[in-house]
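Just follow the structure's listing: the first ligand is 1, and inside any ligand the first atom is 1. We count residues from 1, following the sequence as given. Side chains are part of it too, since the values below use all heavy atoms of this structure and drop only hydrogens, waters and symmetry mates. Note that the coordinates shown come from a computational prediction; the quantities given were computed from them, not determined experimentally.
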Amino acid sequence: MPELVRFSKKGAIGVITVDNPPVNALSPGVPEGILAGLEKGNADPEVKAMVLIGAGRGFIAGADIKHLGKPRPPGFKRTHDVIEANEKPVVAAIHGFALGGGLENALGCHYRVAVRSAKVGLPEVLIGVLPGGGGTQRLPRLIGPKAALEIIVTGRHVPAEEAKQLGILDEVVEDGELLERAIEFAERIADKRPIPRIRDMDEKLAEAKADPGMFDEMRRKIARRARNQIAPYQCIKCVEAAVSLPFDQGIQRERELFEEIVNGEEAKALRYAFFAEREAAKLPDIPKDTPVVDVKLAAVVGAGTMGGGIAMSFADFGYPVRILEKDKETLDKGMARIRANYETSVKRGSLDAEEMERRLARIEPVLEYSQIADADIVIEAVFEEMGVKKEVFATLDRTMKDGALIVSNTSALDIDEIAAATKRPGVVAGAHFFSPANVMKLLEIVKGAKSDKTTIATLSQLSKKIGKVGVVCGNCDGFLANRSRAPFNTEMNILVEEGALPEQIDKVMVDFGYPMGPFAVGDLAGLDIGYAGRKRRQKENPNAYRALPIADRIVEMGRYGQKTGKGWYRYEPGDRTPHPDPEVTALIRQMSAELGVPQREFTDEEILRRLLFSSVNEACKILEEGIAYRASDVDVMWLYGFGFPRYRGGLMYWADQIGVKEVYRQVEEWHREYGDRWKPAELLRRLAESGTSFREAQPGR
Ligand code: 3HC
Ligand code: NAI
């Protein structure tokens with residue numbers, strides 16, 4: 001067994017090094033190792049102070065999430081409390097990340113030094129728990145309850161410079177000099193007494209005593225975002241306890257509130273989502289040592305809605321990118337739209353003007369293919385028409401340098417047919433971004449029949465480098481994400497034909513946890529886009545798709561959504577709030593009567609199940625066809641592509657909570673009632689019969 005924690009000496013300074021790759025999580029053995037290191041330093045009369053540091057990529061990323069909620073070994077001691085009580089001062093030396101239990105141990109230390117690139121934070125809320133290692137009691141004492149509350153409730157990573165200003169860090173040093181500088185720091189403070197202990201610092205708490213309303217204000221602020229959730233509110237209660245109770249009682253309260261939620265539904269779902277996201281990067285058919293293309297320069301063909309957003313995604317993460325259009329006027333328009341998007345961020349305060357200019361400078365508009373020939377990857381984002389795509393791919397095949405990846409952002413077209421337009425189908429694949437491409441984190445990577453391993457491995461790694469979550473799937477109409485979502489879209493329209501109204505359906509989904517209802521999302525994205533796709537598919541394959549007459553009529557009336565001030569809802573000028581429109585209600589009632597569809601009322605539960613079970617059933621078909629590696633990949637796509645509430649784990653995880661047998665029973669019932677579109681997937685039937693959960697099913701392997 002490699003040693004998880006080492007102790008060494010540099011003159012009068014003891015150095016305790018945590019070495020538990022990849023992120024120095026506090027797995028069993030690590031806390032014990034830290035305490036053993038501390039004892040060694042205490043026992044050595046030469047040692048006057050100690051430094052706690054992490055080996056490898058960072059300081060400590062927190063508790064080992066795999067072990068959260070499991071009982072502690074007998075005699076377990078809380079390291080942060082022991083460190084804080086130590087008679088010899090301890091300095092935390094931070095690089096990479098000090099998160100969760102990592103920062104909590106650093107707060108137990110008497111001083112904190114970090115490199116400029118380091119980040120600190122208490123992200124526990126994001127996995128459905130609260131900082132249970134004293135973080136909710138120490139951080140408010142160190143930086144004041146208001147600032148602490150914001151950090152704890154958002155779970156955000158705080159950059160070193162800001163952490164210094166807030167008072168979390170005592171010193172920021174240059175990257176690469178951490179150990180040296182931390183030792184110097186420790187030498188400077190070695191004899192300084194009294195040793196600063198955060199538990200004794202009460203002055204900053206006065207701020208909240210003078211403003212007791214701050215906690216309710218925070219509750220109000222997060223009410224919408226945190227609806228249906230518990231952890232953010234438990235976090236607030238903890239900080240309240242820090243203000244109202246003596247330190248030791250506050251710690252006790254933090255512990256109780258932590259225990260209340262650590263094994264609750266929300267925490268389990270969020271832990272699942274954390275690991276599902278990382279699992280998605282594991283590609284069972286692609287060896288880990290597969291060589292990848294070193295992407296230094298990217299190119300995008302098509303400067304429309306998606307092309308612009310894709311170029312921004314590269315520029316945002318430091319990549320130079322060239323963007324090609326067919327004529328100067330369209331290119332200028334595309335560049336103007338990119339600038340306008342950045343300017344909106346500057347106005348909102350989420351981007352500074354200088355950074356905007358740096359990003360814009362990375363995007364070079366061009367008109368000739370020869371100007372993108374030396375790019376390492378080119379992403380095609382032209383019109384969704386096979387003929388146009390083929391022409392572009394044939395041209396790219398003639399012009400791109402050897403070894404370049406040539407990928408398409410198509411939403412649904414056959415990747416193999418596109419690849420066949422080139423003589424190098426191995427470097428062709430789908431790289432399906434979601435709109436707006438610079439914001440949405442999902443990147444659906446579509447493996448064509450001939451895509452080679454290097455192509456897919458490169459896209460998978462590249463996705464992370466441009467801030468995306470890459471999920472690999474096979475080639476089929478709509479790929480994994482849109483195909484699994486399609487029955488939901490059909491079903492919401494059929495529900496309207498049967499008597500439900502868009503506002504009722506939207507409310508059910510918002511109450512469930514979606515940021516917006518599906519009809520309001522349609523209005524936002526533009527209903528004409530879905531309409532065009534529908535018409536194309538119906539033309540190509542007249543019997544495969546159900547007609548959606550009401551949705552079609554809405555578009556044919558010129559109601560494209562927000563951009564025309566009317567869609568499923570009506571909008572006041574300059575306001576994005578959807579208002580139910582009596583005109584739409586009348587139209588729905590009239591068309592349903594014309595269609596002869598019997599009208600009835602729906603319960604919220606029925607609406608929810610109709611929409612989501614239809615997609616679960618389709619996802620089962622996708623899984624049995626081997627289009628997805630695993631059910632959790634469907635979940636990751638729904639979380640990052642469609643705004644499925646993360647604290648419900650994802651579509652398939654949620655269905656597992658209901659139980660595969662119940663899902664099958666319901667689908668079978670609707671199959672009898674509604675016919676073929678509800679035909680249960682073979683896999684669903686098999687899982688229900690064997691009682692196997694979706695999570696355990698791996699038919700794609
Ligand atoms: N526990 C267990 N495994 C962890 C982990 C943790 N806290 N953090 C990361 N890992 C694992 C990942 O699962 C992944 O494993 P894999 O290679 O087998 O897939 C590996 O470490 C690398 O992780 P990433 O791919 O995420 O690496 P990145 O460099 O992209 O990100 C990170 C690093 C920012 C540290 C990110 O991993 C992260 O956010 N980790 C979780 C941090 C966190 O939530 N900490 C709080 C834990 S709860 C806690 O401390 C409770 C306490 O208050 C009582
Ligand atoms: P768009 O119409 O906004 O942009 C397409 C751009 O491509 C136009 O600017 C056009 O001038 C340019 N173009 C067309 N032919 C060209 C050629 N031969 N050479 C160079 N440029 C050419 O379309 P949008 O919405 O950006 O879609 C692009 C692709 O992305 C499509 O395949 C679409 O299916 C896909 N997609 C669209 C999403 C969306 O929500 N809009 C989401 C995900 C994928």
Side-chain angles (χ1 to χ4, degrees), residues 20-27 57-69 78 80 96-105 119 121-136 152 155 157 254-255 258 262 267 270-271 274-282 300-310 323-327 329-331 333-334 337 367 369 379-389 391-393 395-396 408-413 418 430-437 440 442 444 464 469 479 481-482 525-526 529-530 532-533 536 641:
N20 181 27
V23 294
N24 294 331
L26 296 163
S27 316
R57 289 165 52 185
F59 181 68
I60 296 170
D64 186 329
I65 300 173
K66 285 192 246 23
H67 291 269
L68 268 190
R78 292 160 56 92
H80 23 86
F97 291 95
L99 299 175
L103 179 59
E104 291 176 302
N105 274 301
K119 294 202 166 124
L122 295 173
E124 284 88 341
V125 70
L126 305 176
I127 50 166
V129 291
L130 55 88
T136 67
I152 294 169
H157 295 172
E254 177 192 273
R255 195 75 231 151
F258 183 87
V262 66
L270 287 166
R271 287 205 282 274
F274 177 86
F275 287 113
E277 184 181 331
R278 275 129 192 112
E279 182 81 2
K282 302 193 169 93
V300 178
V301 182
T305 314
M306 293 304 288
I310 295 168
I323 185 160
L324 179 135
E325 254 296 341
K326 51 186 170 44
D327 59 68
E329 200 189 327
T330 323
L331 185 58
K333 263 197 210 145
R337 195 165 36 227
L367 287 165
Y369 276 85
I379 297 128
E380 165 278 313
V382 302
F383 301 136
E384 186 78 337
E385 279 171 39
M386 187 52 96
V388 183
K389 303 264 189 212
E391 227 180 278
V392 169
F393 270 74
T395 313
L396 289 170
S408 173
N409 181 50
T410 175
S411 321
L413 298 178
I418 295 176
H432 181 208
F433 291 75
F434 286 66
S435 185
M440 296 298 287
L442 179 60
E444 183 172 41
K464 198 165 177 178
V469 177
F479 315 130
N482 285 342
I529 295 180
R536 177 181 60 75

Under the ring pair (Phe, Tyr, Trp, His ring centres under 6.0 Å) test, residues paired with F433 that sit two or more places apart: none

So which heavy atom in the protein is nearest atom 27 (O) of ligand 1, and how far is it from that ligand atom? R57 NH2, 3.2 Å

Does any N or O in the side chain of E444 come within less than 3.5 Å of the main-chain N or O of H432, such that one atom is a donor and the other an acceptor? no

Which bit of E391 gets closer than 4.0 Å to ligand 2, counting heavy atoms only: side chain, backbone, both or neither? neither

Should the proximity of K282 to ligand 1, defined as any heavy atom under 4.0 Å, be assigned to the side chain, the backbone, both, or neither? side chain

Distance check, rounded to the nearest 0.5 Å: L396 atom CG versus K389 atom NZ? 11.5 Å

Could you tell me whether F434 and ligand 2 have an N or O pair separated by under 3.5 Å? no

Taking both backbone and side-chain atoms of L99, is any N or O found less than 3.5 Å from an N or O belonging to ligand 1? no

Can you name the atoms of ligand 1, numbered from 1 with element, that are less than 4.0 Å from a heavy atom of G62? 50 (O)

Is there a side-chain contact between L26 and N105 in this structure, where contact means two heavy atoms from C-beta onward sitting under 4.5 Å apart? yes

Between V23, D64, I127, flag the one that comes closest to atom 4 (C) of ligand 1 by a heavy atom. V23

Judged by non-hydrogen atoms, does E380 sit under 4.0 Å from ligand 2? no

Quick note on ligand 2: atoms under 4.0 Å from a heavy atom of S411 include exactly 33 (C), 34 (O), 35 (C), 36 (N), 37 (C), 43 (C), 44 (C)

N/O of A61 under 3.5 Å from N/O of ligand 1, yes or no? yes

Do any nitrogen or oxygen atoms of H157 lie less than 3.5 angstrom from nitrogen or oxygen atoms of ligand 1? no

Of T395, T305, V300, which has the heavy atom at the shortest distance from atom 25 (O) of ligand 2? T305

How long is the span from the OH atom in Y369 to the CG atom in L324, to the nearest 0.5 Å? 5.5 Å

Numbered in order shown, the ligand 2 atoms found under 4.0 Å of a heavy atom of T410 are 32 (O)

Mind checking the CZ-CG spacing from F97 to L103? Nearest 0.5 Å is all I need. 13.0 Å

The closest protein heavy-atom partner of atom 38 (C) of ligand 1 is F274 CE1, 4.0 Å

One residue to check: F433. Relative to ligand 2, which of side chain, backbone, both or neither has a non-hydrogen atom less than 4.0 Å away? backbone

Considering only heavy atoms of P123, which atoms of ligand 1 have at least one such atom less than 4.0 Å away? 43 (C), 44 (O), 45 (N)

Donor-acceptor contact present, side-chain T410 to main-chain A412, <3.5 Å: yes

What are the atoms of ligand 1, with element, lying closer than 4.0 Å to any heavy atom of K464? 24 (P), 25 (O), 27 (O), 28 (P), 30 (O)

For ligand 1, which atoms sit closer than 4.0 Å to a heavy atom of E104? 52 (C), 53 (O)

Contact atoms of ligand 1, heavy-atom distance to F275 under 4.0 Å: 13 (O)

When you measure from atom 15 (O) of ligand 1 to the protein, is at least one non-hydrogen atom found at a distance under 4.0 Å? no

Mind checking whether F258 and R255 have side chains closer than 4.5 Å, heavy atoms only? yes

Identity and distance of the protein heavy atom lying nearest atom 7 (N) of ligand 1: A63 O, 2.8 Å

K389 heavy atoms within 4.0 Å reach ligand 2 at atoms 31 (C), 32 (O)

Quick one: does ligand 2 sit under 4.0 Å from the side chain of N409, the backbone, both or neither, non-hydrogen atoms only? both

Within ligand 1, which atoms have a heavy atom of G100 less than 4.0 Å away? 46 (C), 50 (O)

Can you tell me how far apart OG (S435) and CE (M440) are? Round to the nearest 0.5 Å. 8.5 Å

Can you find an N/O atom of I65 closer than 3.5 Å to an N/O atom of ligand 1? yes

Winner among A25, P22, G101 once heavy atoms are compared against atom 22 (C) of ligand 1: P22

Mind checking what makes salt bridge (charged side-chain N to carboxylate O under 4.0 Å, His left out) contact with R278, not counting sequence neighbours? none

To check your reading of the model: name the closest protein heavy atom to atom 3 (N) of ligand 1, its residue, and the distance in Å. K66 NZ, 4.1 Å

Any non-hydrogen protein atom less than 4.0 Å away from atom 23 (O) of ligand 2: no

Suppose we measure from atom 4 (O) of ligand 2 to each protein heavy atom; which comes out shortest, and what is that distance? G304 CA, 3.3 Å

Answer yes or no: is there a donor N or O on one side and an acceptor on the other, between the side chain of R536 and the main chain of E385, under 3.5 Å? no

Any idea which protein heavy atom is nearest atom 27 (O) of ligand 2, and the distance to it? M306 CG, 3.9 Å

Considering heavy atoms of the protein only, find what lies nearest to atom 53 (O) of ligand 1 and give residue, atom and distance to 0.1 Å. E124 OE2, 2.5 Å

Restricting to heavy atoms, the pick from A381, G533, S435, G302 nearest atom 5 (C) of ligand 2 would be A381

Looking at V392, which atoms of ligand 2 are within less than 4.0 Å of one of its heavy atoms? 18 (N)

Please report the interatomic distance CD1(I379) to CG(N409), rounded to the nearest 0.5 Å. 8.0 Å

Contact (N/O only, under 3.5 Å) between H432 and ligand 2: no

Side chains of I127 and F275: does their closest heavy-atom pair fall under 4.5 Å? no

Protein residue, atom and distance nearest to atom 26 (O) of ligand 1, heavy-atom basis: R278 NE, 2.7 Å

Protein heavy-atom partner closest to atom 8 (C) of ligand 2 - residue, atom, separation in Å: E325 OE2, 3.3 Å

Got I529 and E384 here, is their nearest side-chain heavy-atom distance under 4.5 Å? no

Would you mind listing which atoms of ligand 1 come within a distance below 4.0 Å of any non-hydrogen atom of P131? 53 (O)

So which protein heavy atom does atom 54 (C) of ligand 1 come closest to, and at what separation? G132 N, 3.8 Å

Ranking I379, L324, I323, V382 by closest non-hydrogen atom to atom 7 (O) of ligand 2, top hit is V382

A student checking ligand 2 against T330 at a 4.0 Å heavy-atom cut-off should list atoms 9 (O), 11 (O)

With side chain to side chain contact (heavy atoms under 4.5 Å, CB included) as the test, would you mind laying out the steps for M386 and I418 before giving the verdict? CA-CA 7 Å; M386 187 52 96; I418 295 176; 3.8 Å; yes

